[in-house]
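First up is the structure itself, then whatever we jot down about it.
This structure is a prediction, so every number in the text was calculated from the model and none was measured. Letters go in sequence order (proteins before strands), and every chain restarts at 1.
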Amino acid sequence: MRSTAVFAAASAAVFLVMYIMVARTIRERGDSWLVGESETLRQVALNTPRDAFYERIVEEVAELASQEVSWDSGGQHVEGNTVFFAQIGNPSDPPVWVGPHDSSHFLDALRHSNIPQRSPVSLRVDGWGEPFRVVALDMSPGKSRVYLGLLDLGAAHLLRQLLARFFLGWMFMVAFGFLVTLLGLRRMLKRVDAITGAAASIRTDDLGTRVPVGHQQDEVARLARTFNNMLDRISASVNQLRTLTDSVAHDLKSPITSVRGSLEIALSLDDREQSSELVAKAIDHLDRLSEAITTSLDVAEGEGGALRLRREPVDLSNLVQRVADLYAPAFSDRHQRLNISATDPALIAADLSLCTRMLSNLMENELRYAGTGAWISIEAHAQDGHATITVIDNGPGFAEDMLPRVFQRFVKGPASEGHGLGLAFVSAVAVAHGGRAAARNRPEGGAQIIVELPLSTLQAEQRQPAEIFVASP
Amino acid sequence: MRLLVVEDDKMIREFLTRALAESGFRVDACAHGSEAEAMALEGVHDALVVDLTLPDMDGLELIQRLRAQGVASPVLILSARRSVDERVLGLERGGDDYMTKPFAVAELQARLRALLRRSTPGQSETTRLHVADLEIDLIRREARRGGLELQLTQQEFALLEYLCRNAGRVVTRAMVLDHVWKMRIDTSTNIVDVHIHRLRSKVDRESERPLIRTIRGVGYLLQD
């Protein structure tokens, strides 16, 4: 709306300027004729002796002159043009008058006006709608003055017509512009309304609604598409959150229930020995719960790409060796044979704490699921820009239906007593370091897990033994 | 020993005060950094326990201010953040310590004692440790129980040494992992139990006086 108003004002101003210029040109043309002609008449009046013929001669000349201006835009004689000539001298002499018959009005007007020499002015005369352009000249010997006046009705008419047409054209332009803007705006607003309607109908329990996009390629369509993309993302996040909260509700409620139960019983027991046993159990449960929450958040951050890494040079082979040393007695307690092959340094720029926990999770996973008496092989080596950890066993392997989801949070086998976070954490750490984790069942039986982490540039450039980074055993 | 606990969470502040008082410390506690600054500047505290998130300033800022004003007492930082801040590590390397919530009270007590010991100079490095009839030669890396040499692996020896150095004090699983294996894994797994079990089977098997005890829900204790 405002733009329409600005447009109207600007076009009106342009029209006005054009009108003023045309009007001035026309007036100047008339004025220059007036000045020239009045000079001629003055000469004639000066050179003609004031006898009985004086008036007749001046009248003839004025008559002739008046016919010169009878032009119009098409060169046609215009009846409306009126010219008058007056010579006014001493009150005793009668004025010389050539022009319309109501000379008294003219003479009154001339007498009461103060017209400068040689510069035409506008003069209003009673009984005439339009002002005359009048030029005055003094006759030098006598005190009389000659006046020459012109009412160019043709030009006035032309100007009036021009103004009318300008106005009409302007009105049309403004109205048209207004209409176009209004229609365009209404169509646009209708589409924005559709988006608003769709947005208003969206609630967290129903994120299926989408905004109509239409076929246009304009800003509103882009807005609609962006809006839909945003809805897709929100919907994905909400679904993820829902899965998470469901699992959290399930996985955290049971331990909380058991902790609460243990403490309640402990409170009611009189036997101190028994009650402290229960309290200790509750603390164990709480520790496990706290770890599950931490790991769950780490995995969620890893999946969202928000896991903060404190990178330092880590020799993955050495780390595998150290973590394996820690776990070796546990493996042998279960009569599992652990074979570690990690002698070549594999230097990565990694978060040591996260990598240690990742390896610890891999070991725990084998401890729990490879089965008593199984053999387990863990190998670490550097190749093709990657440090690769390969874990294989001859245990039962993954359940086929679980295999595609083993690295997802809260996915666990029927025998699992954990929260289904171990392998999810492994994958999250690998991904956070720009690597990946893969799992499969070996054709000859047993599970295989491969974790790949990008080698640090240091190792890629020069295969230097990395003793300097090997932490003390 | 007098401690200053700076913690804005009322529940944690109160249980810390109580737990530390029970283990024999005189405890002052406050919730605000500015208050803590004024109290610490009195210079009467042997160690400070500082939570990182305080209502009026960052815990690290508080520590930096105190250090700048000449307060040299060791500081144990408590943090609810999971990943350990780079700056915290820098500070820790300067001789202090940090713990992430949730933590075991026993671990807090143990770490505080360790800090206080470190800040008390004049302890000569021993080459032999004795607990009851258990003898450890740190140079020859041999351990004897009642005069009989124990056949220990390197790991078992390191574990026993750590327990002996902390004889009479409870050590938690996390502390064992941290000091013996140099690994900071918050683990609820029983991997440390496995090692303790093995060590105990060698140290306490022949004896009628078991030295290594498990404190349920907390950790382990080597005591006569």
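A side-chain donor-acceptor contact under 3.5 Å links B:H195 to the backbone of A:L326.
Within 6.0 Å of CZ on B:R18 lie no more than 12 heavy atoms contributed by other residues, nucleotides or ligands. Atom CZ of B:R67 has more than 12 neighbouring heavy atoms from other residues, nucleotides or ligands inside a 6.0 Å radius.
Among A:T356, A:L352, A:D325, the residue with the largest count of heavy-atom pairs under 4.5 Å with chain B is A:D325.
Salt-bridge annotation for A:D333 and B:R198: present, with a side-chain N of the basic residue lying under 4.0 Å from a carboxylate O of the acidic one.
Heavy-atom distances place no part of A:D351 under 4.5 Å from chain B, backbone and side chain included. Using a 4.5 Å cut-off between heavy atoms, A:V323 contacts chain B through both its backbone and its side chain.
Rounding to the nearest 0.5 Å places CD1 of B:I191 at 9.5 Å from CE of A:M363.
B:V194 and A:A330 make their closest contact through CG1-N, 3.7 Å (heavy atoms, listed as atom of the first residue, atom of the second, distance).
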message = Does A:R357 form a side-chain contact (heavy atoms from CB on, under 4.5 Å) with B:M183? I'd like the steps, not just the answer.
response = CA-CA 9 Å; A:R357 277 168 63 199; B:M183 287 181 198; over 6 Å; no
